[in-house]
Amino acid sequence: MGEPLQKGYEPHDVEAKWRKHWEETHVFTPDPDAPGEPFSIVIPPPNVTGALHIGHALNLTLIDVLCRHARQKGKNVLWIPGTDHAGIATQNVVERAIALEGADRQSLGRWAFVKKIWEWREDYGHRILDQIGALGASVDWKRLRFTMDDGLSAAVRKVFVSLYNEGLIYKGDYIINWCSRCHTALADDEVEHEQGKGNLWRIRYHLADGAGHVTVATTRPETIPGDTAICVHPEDMRYHHLIGKSAIVPVLGRNIPIIADSYVNMEFGTGALKVTPCHDHNDWMLGKKHDLEFIQVIDENGLMTAESEIYASLPKHECREKIVADIEAAGDLEGVEDMVHAVGHCYRCHTVVEPHVSAQWFVAATKLAPAAHAAVPELTQIFPEVWLKTYYHWLDNIRDWCISRQIWWGHRIPAWTCTSCDALTVAEETPDHCPKCGAAALVQDADVLDTWFSSALWPFSTMGWPDDSRDFERWYPTSVLVTGFDILFFWVARMMMMGLHLTGKTPFRHVYLHALVRDSAGQKMSKSKGNVIDPLEMINKYGCDALRFTLTAFAAMGRDIRLSEDRIEGYRHFVNKLWNAARFALMHLREMPDPVPLENVSGLHNQWILHRLETVKKQMDQALSEYRFNDAAQTGYKFLWNEVCDWYLELLKPDIGLGAQSEDPQRAAAARFVLWTVLRETLILLHPIMPFVTAEIWQALPGAQNEANTVSDLAKERYPAFRPGCLRETEARHMELIQEVIVAVRTIKAELNIAPSHKARLLLRPVDAAQAALLEQNRDMIITLARLESLTTASDTQIPKASASAVVRGCQVIVPLRGTVDLGGELQRLDKELAKLEKEIINTNKKLLNESFTSRAPAEVVAREQEHATKLLETITTLQALKSRFTEALAEDAE
RNA sequence: GGGCAGUUAGCUCAGUUGGUGGAGCACCGCCCUUACAAGGCGGGGGCCACAGGUUCAAGUCCUGUACUGCCCACCA
């Protein structure tokens, strides 16, 4: 027996206690040789120096729900935690930190700077891990990984070498996106395009033969020194005669060819395009295609190169001003207009990126993509399905992936150049001599790999691949990848490509893409907007379970989550409700009740709640297996609050000696065991979503322990077995009648301003003998919950004229009115009810009189409508009779 | 420019295969009933964005329009 429950739920103490317990007992460290179907998930690794944000909280909560549920279902569950070295992001953070000390990485040097980052990681790397723990994530801490661990780094080198040897990694000159602040290449999808104001200049290029000029339009005049052609559309009659001739580059005076390519848009600008292959992606393509000259005029610092002659060493924006002025002075500027166009920015630091030609390493993604396309949905299924098309489209239009980054923090590219013979060696281990010429002087490539390269290996590198590993054998491929849709391309697609190529298997059977968490106005949360909701602050204020329940309840498929603090506060009430319900139950379960056969238990309320419990067990299980997290949460919520608390706990009070009735030992025994069962199984059902509060209640539940002398840990408990014998549709419907009668009485009281505590007399006139028996058998429930003085059930009961009335499933519900009550109120009530019913019967009859409905709709639907109409008519007739009696009473009263 | 979502109660959102629309919060009234006032009971509130179409029957399927959001590609 554990500790009894305190008056109020104190999340902090409880959370700390269970976190510690779970970490110390290693319940989430699985044994690969243990039985059970394998179930595995790898964490989407957060930045090692990062802090937990609400997106992580959502992600981790959903994964945790799946893992805890899978454990309950008897699966052998592995959830690998870990962090990502996050190249550029981390380097930037540390650079900013050392800048405060007046240092910079250049002056420190590579070795010392990287050492600094490792130190930084030692200091701050624990923070994010601690925060993952604070969310209650049931990860296996013994298998904690970091993308720059020895094992994972070895995997990275192995993959690099093997792809290189297969020709799937190559080095080449290419135009890339260059961030002159981060000083590194950026992948296409690391560039964010934003609309910005600019100018469009129209500039004359004189023809070399002196026969006039051609006018081009450009937004970037500073690239003019790098022009190596003018391009027009082959079918553009305005320029047809110029194709093959030469033009002169303004100011510099070089001759360049005029070429034709259908890439050119005749409608835009003047229809004549200046081609600068080194400083524009499309111009690069044209340059390659038409074998143009490549002249680089802007360097990696954003300064003009010597090739730009008189503009050499000017910053590019100054060059722009100067060259425009020079052209204008020469009389060759035809005009300037304002225009809005998209400009690329670095996704990390927001500097404008510059297309830049340099030697880079590439993965031949074009060759890996087809397999990743073909694997879906056969081998890997994507949820929700709307992302399928997006996934396919991206893979079908993929370009080779630039994987080299000119930064210092990351996996160094395992390629060495011989200083004497220039030969390139790619190897897993540092070579001590050049394999070609034997010289010992080898220089390693200065670049590191794109962070996503190591991330792409994460599902198997974390399991010990490429070495023979029991974990890999047992748990790869993983069961499901849970992540945000924003990294479908960055991460998911690349894991698919790498996983398929290297392991021959897709790295996960399912991919569940969850939504983004936005603020209550639908805005993306960001520090600069000041609209972030800090999950740790929420945990602190409302408790972890409240936060987790909120996130789960809002995680509807394919829809963004608009979160606000109010909602978390709201779900805290639910945690509290569970706590209080449990406290009440435990007051009456001082010790383990003696079991009674539940399939044969007596008492309509017992049969009903057990029936509902079975239904909810099935529904929640089903919902989670289909990633309908919100449905699972809502089902649990409604069951506990609206059924267990609002009805069942009240209904069982008479059984256990609360209220007017005297205790019947047999009924009390049954009630206690049913109560114990319902509480016990509800705790299990809610545990994946709310692990802490349920675990705390569980340890106080007598008889929940299954091992002697140990703390009773709900995290180890199995999903409750289904009891088909407890499914009782008929009894559930009978219970609904009782509930409806009770509600009818309550409504009468409320609407006629009769105090709820007023003990009314109630007369019931059942529609038939079966109903009469049912009502009579359950009279205690009605008396207690409707708060009655007396209850008379008989079809021939005299009805006092001054009575309020209602009709429930044909049964007349009569509350005789005495003294102070406002009789006019009852008339209004009856009229309102009758009007509603009449409207309904008109609609139903309209349908039934429609020949095409009765002949074409399924017989079963027609029969249902028919029955509905009959019942409506009966109710109306009865109610009208009651109303006329009541009107007489009013008249008599007036006399 | 191409693609994908969304539009349902005052607010935030559910609504599986078409069969007479739900929840939470907010609102109104009554109640401190011995698990819970972070509560209980009852109530009001919606031509499901708009216009067509399919069907006996449309929030649900189809077409179009409007607005909102996102993704991709970017025209020099």
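Order of the sequence lines fixes the chain letters, A, B, ..., with proteins taken first and strands second; residue numbering starts at 1 for each chain. It should be emphasised that the depicted structure is a prediction, and the values quoted were computed from it without experimental measurement.
Tested against A:Tyr542, the residues A:Glu565, A:Arg572, A:His573 include a single side chain to side chain donor-acceptor pair (under 3.5 Å) partner, A:Glu565.
Nucleic acid contact class of A:Thr218 (heavy atoms, under 4.0 Å, all strands): sugar-phosphate only. Using a 4.0 Å heavy-atom criterion, one finds that A:Arg583 contacts the sugar-phosphate atoms exclusively. Among the protein residues, A:Glu751 comes within range of the sugar-phosphate backbone only, with heavy atoms under 4.0 Å from sugar or phosphate atoms but none that close to a base. Note on A:Trp201: nothing from the nucleic acid sits closer than 4.0 angstrom, heavy atoms only. Contact annotation for A:Cys231: no contact, since no heavy-atom pair falls under 4.0 Å across all strands. If you check every strand for non-hydrogen atoms under 4.0 Å, A:Arg787 touches a base. Residue contacts shown for A:Val264 include a base, since a base heavy atom lies under 4.0 Å away. No contact: A:Lys847 has no heavy atom under 4.0 Å from any strand. Backbone-only contact: A:Asn850 has heavy atoms under 4.0 Å from sugar-phosphate atoms and none from a base. If you check every strand for non-hydrogen atoms under 4.0 Å, A:Lys759 touches nothing.
Comparing atom distances between the A:Pro858 side chain and each of B:G19, B:A5, B:G29 picks out B:G19 as nearest. Distance from the side chain of A:Thr219 is smallest for B:A76 among the nucleotides B:C56, B:C41, B:A76. With B:A76, B:A14, B:C41 as the candidates, the nucleotide lying closest to the side chain of A:Asp646 is B:C41. Of the candidates B:G24, B:A38, B:C71, B:C71 carries the atom nearest the A:Phe489 side chain, counting heavy atoms from C-beta on. Residue A:Asp280 places its side chain closer to B:C75 than to any other of B:C70, B:C75, B:G42. Here the nucleotide nearest the side chain of A:Arg399, chosen from B:C36, B:C74, B:C71, is B:C74. Considering only side-chain atoms of A:Arg746, the nucleotide from B:C41, B:C36, B:A5 that sits closest is B:C41. Distance from the side chain of A:Thr747 is smallest for B:G42 among the nucleotides B:A5, B:G42, B:C56. The listed nucleotides are B:G42, B:C75, B:C71; the one nearest the side chain of A:Asn282 is B:C75. The A:Val861 side chain lies nearest to B:G19 when the options are B:G43, B:C36, B:G19.
A salt bridge links A:Arg220 with A:Glu354: the closest approach of a Lys/Arg side-chain nitrogen to an acidic carboxylate oxygen falls below 4.0 angstrom. A salt bridge does not link A:Glu222 with A:Lys316: none of the charged nitrogens is closer than 4.0 Å to a carboxylate oxygen.
Using N1 to N3 plus N6-O4 or O6-N4 for Watson-Crick, or N1-O2 and O6-N3 for G-U wobble, each under 3.5 Å, B:G1 pairs with B:C72. Pair check for B:A66 finds B:U7; Watson-Crick or G-U wobble, both atom distances under 3.5 Å. When Watson-Crick and G-U wobble pairs are counted only if both distances are under 3.5 Å, B:U55 pairs with no nucleotide at all. B:U33 makes up no base pair with any nucleotide shown, lacking Watson-Crick or G-U wobble contacts both under 3.5 Å. Shown here, B:A23 forms a base pair with B:U12; the pair counts as Watson-Crick or G-U wobble because both key distances fall under 3.5 Å.
Note on A:Trp579: every side-chain N or O is 4.0 Å or more away from OP1 and OP2 of B:G39. In this model, the phosphate group of B:A35 is approached by a side-chain N or O of A:Lys653 to a distance below 4.0 Å at OP1 or OP2. The phosphate of B:G22 (OP1 or OP2) has no side-chain N or O of A:Lys638 nearer than 4.0 angstrom. Here A:His281 does not reach the OP1 or OP2 of B:C74: none of its side-chain N or O atoms lies under 4.0 Å away.
The separation between A:Glu385 atom CD and B:A5 atom P is 11 Å, rounded to whole Å. Here the C1' atom of nucleotide B:C25 and the CD1 atom of A:Ile568 are 14 Å apart, to the nearest Å. The distance from atom CG of A:Asp396 to atom C1' of B:G2 is 15 Å, rounded to the nearest whole Å. For the pair A:Ile754 CD1 and B:G42 C1', the interatomic distance rounds to 13 Å; values are reported in whole Å. The distance between atom CZ of A:Arg567 and atom P of B:A26, rounded to the nearest whole Å, is 12 Å. Distance, A:Asn630 CG to B:U16 P: 11 Å, rounded to whole Å. Residue A:Gln622 contributes atom CD, which lies 14 Å from atom P of B:U17 at whole-angstrom precision.
Nearest heavy-atom pair across A:Leu837 and A:Thr875 is CD1-CG2, 3.9 Å.
A heavy-atom distance below 4.5 Å is found between the side chains of A:Arg202 and A:Glu337.
Within 3.5 Å, a donor on the side chain of A:Lys577 pairs with an acceptor on the base of B:C36, or the reverse. One N or O donor and one acceptor, one from the side chain of A:Glu650 and one from the base of B:A35, sit under 3.5 Å apart.
Residues A:Lys7 and A:Glu865 each lie close to RNA chain B; by heavy-atom proximity, the contact nearer the 5' end of the strand is made by A:Glu865. Map A:Val644 and A:Arg856 each onto its nearest nucleotide of RNA chain B; the residue landing nearer the 5' end is A:Val644.
Within 6.0 Å of the NE2 atom in A:His12, the count of heavy atoms belonging to other residues, nucleotides or ligands exceeds 12.
Within the cation-pi definition used here (under 6.0 Å to the ring centroid, within 45° of the axis), A:Arg746 qualifies as a partner of A:Trp647.
In terms of modelled atom types and a separation under 3.5 Å, the side chain of A:Arg583 and the main chain of A:Gly8 share no donor-acceptor contact.
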